[in-house]
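Just below is one structure, and these are the notes that go with it.
Proteins get letters first, then strands, A, B, ... in listed order; numbering begins at 1 in each.
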2 protein chains.
Amino acid sequence: MTKTTRRRGEALEQAILEAVTAELAEHGYAGLTFEGVAVRAETSKPVLYRRWPTKAEMVAAATVRANSTTIVSPDTGSLAGDLLALLDQVRTVVDASDRSVLLTLMAELPPSAAESLRELLVARGTQLVQPIVDHARQRGELGDAPLPSRLLALPIDLVRHEILVTGTPSDAALRSIVDVILMPLLRAAAGHGQRPG
Amino acid sequence: MTKTTRRRGEALEQAILEAVTAELAEHGYAGLTFEGVAVRAETSKPVLYRRWPTKAEMVAAATVRANSTTIVSPDTGSLAGDLLALLDQVRTVVDASDRSVLLTLMAELPPSAAESLRELLVARGTQLVQPIVDHARQRGELGDAPLPSRLLALPIDLVRHEILVTGTPSDAALRSIVDVILMPLLRAAAGHGQRPG
DNA sequence: CCCCATAAGAAACGGATCGTATCTTAATTT
DNA sequence: AAATTAAGATACGATCCGTTTCTTATGGGG
């Protein structure tokens with residue numbers, strides 16, 4: 001007897017994207033084929049092509065869905081602690097996904113489709129750092145001088161760089177980013193708080 | 001009459017790599033095929049496969065050869081000027097090559113083969129910054145506190161990040177990297193010189 | 001100067017995957 | 001219940017892969 005059930009809409013799409021994720025884990029990006037995905041998802045190639053014109057866009061959709069954990073601003077009680085926690089979160093989120101997949105997608109995706117992926121990688125970069133800085137100011141750890149956007153983007157830029165170029169960063173790498181780069185720079189740019197330790 | 005000339009060794013290899021570069025410019029990485037390269041270089045596929053086991057490695061060889069300009073430590077008379085000149089040089093060198101090609105190669109190359117490519121992108125990162133810092137110290141622009149390696153790598157890391165994620169960086173981007181990040185950080189870390197302005 | 005090892009270049013292959021077109025039929029809409 | 005929509009199966013020509021086979025130009029060694 002043949003399968004007499006036909007999935008549609010969201011249910012079907014979810015099954016497909018799960019199949020993509022599985023194929024990705026099993027064969028890697030290069031080894032992933034439309035046909036392989038179709039077989040695993042128990043559907044057919046035309047169904048895939050109706051949704052995504054290219055492999056890159058299909059994989060991007062799966063990657064975004066699989067890693068759509070929301071990153072939340074940490075609150076550890078110190079600026080350095082918050083920054084480290086933030087970098088650690090980004091590392092964890094991206095870790096589930098795979099470096100070479102991300103690189104390939106960044107290379108192949110049309111800019112429009114790359115947007116959602118970049119959002120995953122960046123998790124709205126600047127927007128995550130601002131509240132951390134605000135907390136530090138409230139605690140008196142930092143002064144009130146305004147911070148240029150490039151500086152607010154720097155924490156995420158640095159982890160992203162580390163992830164893309166060297167793979168999953170070590171704890172030591174994250175710590176040195178915070179201690180050697182971010183803390184000195186933020187203090188220099190924002191000024192010191194009213195009650196220095 | 002058939003071609004009766006057969007190139008060998010270096011001459012042949014150069015012709016092939018030039019063909020790779022041309023095909024790359026014309027069809028992009030994805031559209032480049034062994035067969036296309038063979039035809040353009042007026043040779044045959046086995047000749048290519050005898051040299052490079054994968055497309056990625058062949059393209060890497062061509063990319064490295066095409067962009068083997070040596071980056072030299074600039075000397076503009078000021079620390080900020082030198083840093084800006086360095087970043088500009090890196091931008092120019094990498095510009096000739098193509099962002100999506102670099103990303104794809106980073107994704108596909110085995111770590112061993114990636115070495116030479118990374119060298120191109122990095123141009124021995126830290127090693128280029130050290131002399132610039134030394135000059136600044138001699139001029140009294142910077143103090144003598146030792147700089148951690150992460151800090152020495154930072155200038156190149158930041159351009160590389162900019163290139164990989166956003167494409168060719170603008171002048172304004174390079175300037176803001178120098179003014180907002182590098183200069184304040186270097187001053188804070190090395191201490192100020194003996195004759196502050 | 002000739003011989004010979006080496007590698008260039010031509011041609012053809014089986015196979016995999018591509019992207020599309022065709023057709024039947026289940027699921028949904030009206 | 002009828003009509004519309006889309007799933008799923010199948011098959012296609014085309015392209016590129018990576019390899020094999022074979023001929024013959026090339027350049028070095030004797």
Check the distance between [N]'s [atom2] and [X]'s [atom1] and give it to me in whole angstrom.
X	N	atom1	atom2	value
A:Glu10	D:dA7	CD	P	13 Å
B:Glu35	C:dC13	CD	P	14 Å
B:Glu23	D:dT15	CD	P	15 Å
B:Met58	D:dC16	CE	P	13 Å
B:Leu12	C:dT6	CG	P	18 Å
A:Trp52	C:dC18	CH2	P	15 Å

d(B:Glu108 CD, B:Glu57 CD) to nearest 0.5 Å is 10.5 Å

If you measure from CG on B:Leu182 to CG on B:Leu158, what distance do you get to the nearest 0.5 Å?
-> 6.0 Å

Phosphate oxygens OP1/OP2 of [N]: is one of them under 4.0 Å from a side-chain N or O of [X]?
X	N	answer
B:Ser44	C:dA10	no
A:Arg50	C:dA21	no
B:Thr43	C:dA8	no

Taking only the side-chain heavy atoms of A:Thr33 (C-beta and beyond), determine which of C:dT20, C:dC18, D:dT20 contains the nearest atom.
-> C:dC18

Which of the following nucleotides, C:dG19, D:dG18, D:dA7, is nearest to the side chain of A:Tyr49?
-> C:dG19

For B:Gln130 and B:Asp134, test the side chains for any donor-to-acceptor distance below 3.5 angstrom and give the result as yes or no.
-> yes

DNA chain D: 5'-proximal contact among B:Arg7 and B:Lys45 (nearest heavy atom) = B:Lys45

B:Arg6 vs B:Gly36, nearer the 5' end of DNA chain D by closest nucleotide | B:Gly36

Is there a donor-acceptor contact under 3.5 Å from the side chain of B:Lys45 to the main chain of B:Phe34?
-> no

Got a donor-acceptor contact below 3.5 angstrom from the A:Arg187 side chain to the A:Leu142 backbone?
-> no

What about B:Arg8, does its side chain sit under 3.5 Å from the base of C:dG9 through a donor-acceptor pair?
-> no

